[in-house]
Participant: 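Just passing along the structure, written as structure tokens.
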Number of protein chains: 2
Amino acid sequence: MSAQTRPENARPRLSRERVLQGAMAVADAGGLAALTIRSIAQELDVKPMSVYHHVANKDAIVDGIVDLVFSEIELPTPGKDWQAEIRRRSVSAREALRRHPWAIQLLQSRTHPGPATMRHHNAVIGTLRQGGFSVAKTAHAFALIDSYVFGFALSEAALPIHGPETVPGVAAQMLEGFDPNEFPHLVEFSVAHILQPGYDFGAEFGYGLTLVLDALA
Amino acid sequence: MSAQTRPENARPRLSRERVLQGAMAVADAGGLAALTIRSIAQELDVKPMSVYHHVANKDAIVDGIVDLVFSEIELPTPGKDWQAEIRRRSVSAREALRRHPWAIQLLQSRTHPGPATMRHHNAVIGTLRQGGFSVAKTAHAFALIDSYVFGFALSEAALPIHGPETVPGVAAQMLEGFDPNEFPHLVEFSVAHILQPGYDFGAEFGYGLTLVLDALA
DNA sequence: CTATGCGGACGTACTAAGTACGGTAAGTAC
DNA sequence: GTACTTACCGTACTTAGTACGTCCGCATAG
């Protein structure tokens with residue numbers, strides 16, 4: 001029998017793509033702290049040092065998975081209605097960052113954008129320019145929109161809330177050790193809003209996005 | 001001679017406060033990666049394990065310095081003109097995060113707010129409420145403003161730019177390895193705006209802040 | 001078929017970091 | 001003085017990133 005292919009039950013060959021996908025799976029499951037060379041190797045059913053045949057070092061892996069996240073964001077189409085296109089891309093970006101919250105804190109430290117990141121920025125800028133924005137206005141709009149989108153994702157990820165049922169416990173824990181009378185506005189806000197049934201911070205996103213896009217128009 | 005006081009040239013006693021100040025100095029100087037127990041100890045002229053007599057673990061140090069950053073933000077005063085007060089606090093917040101850019105990526109993972117953080121949130125919410133915002137509108141405004149402020153700080157910190165003279169080199173490095181024709185909008189934007197003398201991303205902050213505050217009014 | 005070369009996977013081991021555990025010395029209360 | 005407390009430190013264990021060298025299996029040359 002020819003040995004040109006591996007036995008069916010063998011794992012496929014390692015590759016840069018498989019390393020990055022494995023790394024993303026690890027980060028999704030356990031957060032950035034769980035992302036170690038050893039955990040990635042285990043996820044891929046391989047020994048740690050094998051990973052290094054496909055990526056230079058851990059930083060390259062991190063750069064790679066950040067670009068993977070950008071590749072999940074729907075690109076706006078330059079030439080079409082800018083407001084609708086930017087809205088679609090913003091909603092998509094927020095969803096991507098919700099799926100991969102660990103990516104947010106990496107956005108800051110990564111200075112080696114990958115191809116998906118470049119395509120993304122190019123498409124956003126092109127959509128604004130062809131939507132009638134001058135170069136200077138494009139800069140304003142780009143800064144405002146992305147600050148809002150990424151900032152919202154940051155706030156959302158900072159909330160230790162995973163499902164409505166966890167809200168009361170978290171709120172109680174945050175206030176524990178403090179005198180409630182010292183923070184009357186915070187207490188009123190918690191009781192009258194956050195602790196109400198049906199509270200969902202994520203719903204705020206659309207409200208702010210509409211306000212921002214209208215303000216730019 | 002009495003030994004009730006240490007010799008003059010001796011370092012002062014360690015304390016939780018000195019540990020946090022030392023940790024902040026280390027982070028300011030070398031970023032989060034440089035923040036290790038050993039580096040903090042060296043900064044304080046002490047051995048590593050001595051630090052642990054004043055803080056429970058490294059996480060407690062991180063929680064502590066995040067709260068220190070919040071303590072540097074000017075609080076808005078409930079009852080006064082909300083727009084002016086929120087603007088002052090937002091400008092102050094952005095400046096604090098520029099002094100301590102490492103704090104941004106920590107905002108996300110910290111779920112144990114300190115007293116300064118609580119005071120800050122309380123003051124912001126109080127200012128909005130007494131500015132005439134309903135509880136629901138306060139939630140909208142709070143989410144929008146803070147998303148913008150923190151998101152802007154995140155974007156600003158993500159730029160590997162430290163002074164105008166470094167811009168061309170960074171831009172060149174980012175495009176290196178890519179075909180410029182693939183990203184025409186990005187190239188136009190870079191050439192026509194970013195590479196112009198006097199370009200300063202930070203100046204965008206005020207523009208977006210005004211737009212956001214006006215939209216809320 | 002055998003020999004040979006190459007590249008992917010791996011074993012070992014070094015360094016740095018967090019921190020558990022117990023020791024020691026200086027101060028404090030009586 | 002004696003006993004207790006507090007602050008500081010020495011040692012050592014564990015987990016991480018990764019440099020270095022080895023081995024094995026496949027592909028191609030002969």
Side-chain angles (χ1 to χ4, degrees), chain A residues 1-23 26-27 29-66 102 105-106 109-110 112, chain B residues 1-27 29-66 102 105-106 109-110 112:
Chain A
M1 144 173 20
S2 144
Q4 73 189 15
T5 57
R6 301 184 150 240
E8 319 239 339
N9 55 351
R11 57 204 180 187
R13 289 278 281 271
L14 221 48
S15 66
R16 179 186 150 85
E17 280 62 42
R18 287 197 63 234
V19 168
L20 293 183
Q21 281 163 11
V26 169
L32 266 196
L35 189 72
T36 69
I37 298 292
R38 290 167 224 268
S39 67
I40 297 169
Q42 193 170 20
E43 167 82 19
L44 297 169
D45 195 20
V46 138
K47 302 291 171 173
M49 287 313 291
S50 307
V51 170
Y52 281 95
H53 273 269
H54 303 275
V55 295
N57 50 37
K58 193 181 172 181
D59 258 26
I61 296 178
V62 171
D63 284 339
I65 59 177
V66 168
W102 42 265
Q105 58 200 140
L106 294 181
S109 44
R110 297 299 110 188
H112 285 138
Chain B
M1 122 173 40
S2 147
Q4 73 189 15
T5 56
R6 301 181 151 241
E8 317 240 341
N9 55 353
R11 60 212 176 178
R13 288 280 279 269
L14 221 48
S15 66
R16 179 185 151 85
E17 280 62 41
R18 288 196 61 233
V19 167
L20 294 183
Q21 281 163 11
M24 193 148 168
V26 169
L32 265 195
L35 189 73
T36 69
I37 297 291
R38 289 168 222 266
S39 66
I40 298 169
Q42 193 169 20
E43 167 82 19
L44 297 169
D45 195 21
V46 138
K47 302 292 170 163
M49 287 312 291
S50 307
V51 169
Y52 282 96
H53 273 267
H54 302 276
V55 296
N57 50 36
K58 192 180 172 180
D59 259 25
I61 296 178
V62 171
D63 284 339
I65 59 178
V66 168
W102 43 264
Q105 58 200 139
L106 294 180
S109 46
R110 297 298 111 189
H112 285 137

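Within every chain, numbering begins at 1; the chains are lettered A, B, ... in the order of the sequence lines, protein sequences first and strands thereafter.
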Participant: On a heavy-atom basis, which atom in A:A23 and which in A:I61 lie closest, and how many Å separate them?
Facilitator: CB-CG2, 3.6 Å
Participant: First locate atom OG of B:S50, then atom CG of B:D45, and finally report the distance between them rounded to the nearest 0.5 Å.
Facilitator: 10.5 Å
Participant: In whole Å, I'd like the distance from the CZ atom of B:R16 to the P atom of D:dT6.
Facilitator: 18 Å
Participant: May I ask you to test the A:W102-A:L35 pair for a side-chain heavy-atom distance under 4.5 Å?
Facilitator: no
Participant: May I have the distance from B:Q42 (atom CD) to D:dC9 (atom P), rounded to whole angstrom?
Facilitator: 13 Å
Participant: Which base sits across from D:dC23 as a Watson-Crick or G-U pair, both distances under 3.5 Å?
Facilitator: C:dG8
Participant: What are the atom names and distances for every N/O pair under 3.5 Å that joins the protein to nucleotides 13-15 of chain C?
Facilitator:
none

Participant: Would you mind reading off the distance between A:L14 atom CG and C:dC10 atom C1', rounded to a whole angstrom?
Facilitator: 12 Å
Participant: Taking NZ from B:K47 and P from C:dT24, how many angstroms apart are they, rounded to a whole number?
Facilitator: 17 Å
Participant: Do you know which two heavy atoms are closest between B:A34 and B:S39, and how far apart they sit?
Facilitator: O-OG, 2.7 Å
Participant: Does B:A60 offer a backbone N or O that forms a donor-acceptor pair with the side chain of B:N57 under 3.5 Å?
Facilitator: yes
Participant: Which heavy-atom pair separates B:G64 from B:R16 by the least distance, and what is that distance?
Facilitator: CA-NH2, 4.2 Å
Participant: What nucleotide among C:dC10, C:dA9, C:dG18 has an atom nearest to a side-chain atom of A:V46?
Facilitator: C:dC10
Participant: With the side chain counted from C-beta on, respond yes when A:Q105 and A:L32 share a heavy-atom pair under 4.5 Å apart, and no when they do not.
Facilitator: yes
Participant: In residues 50-65 of chain A, what residues come within less than 4.0 Å of DNA chain C, judged by heavy atoms?
Facilitator: A:S50, A:H53, A:H54
Participant: B:I40 has an atom CD1; how far is it from atom P of C:dA17, in whole Å?
Facilitator: 12 Å
Participant: Counting side-chain heavy atoms from C-beta on, which of C:dT19, C:dA9, D:dG17 comes nearest to B:I37?
Facilitator: C:dT19
Participant: Roughly how far, to the nearest 0.5 Å, is the CD atom of A:Q21 from the CD atom of A:E43?
Facilitator: 10.5 Å
Participant: Out of curiosity, A:H54 NE2 to A:L14 CG, how far, rounded to the nearest 0.5 Å?
Facilitator: 4.0 Å
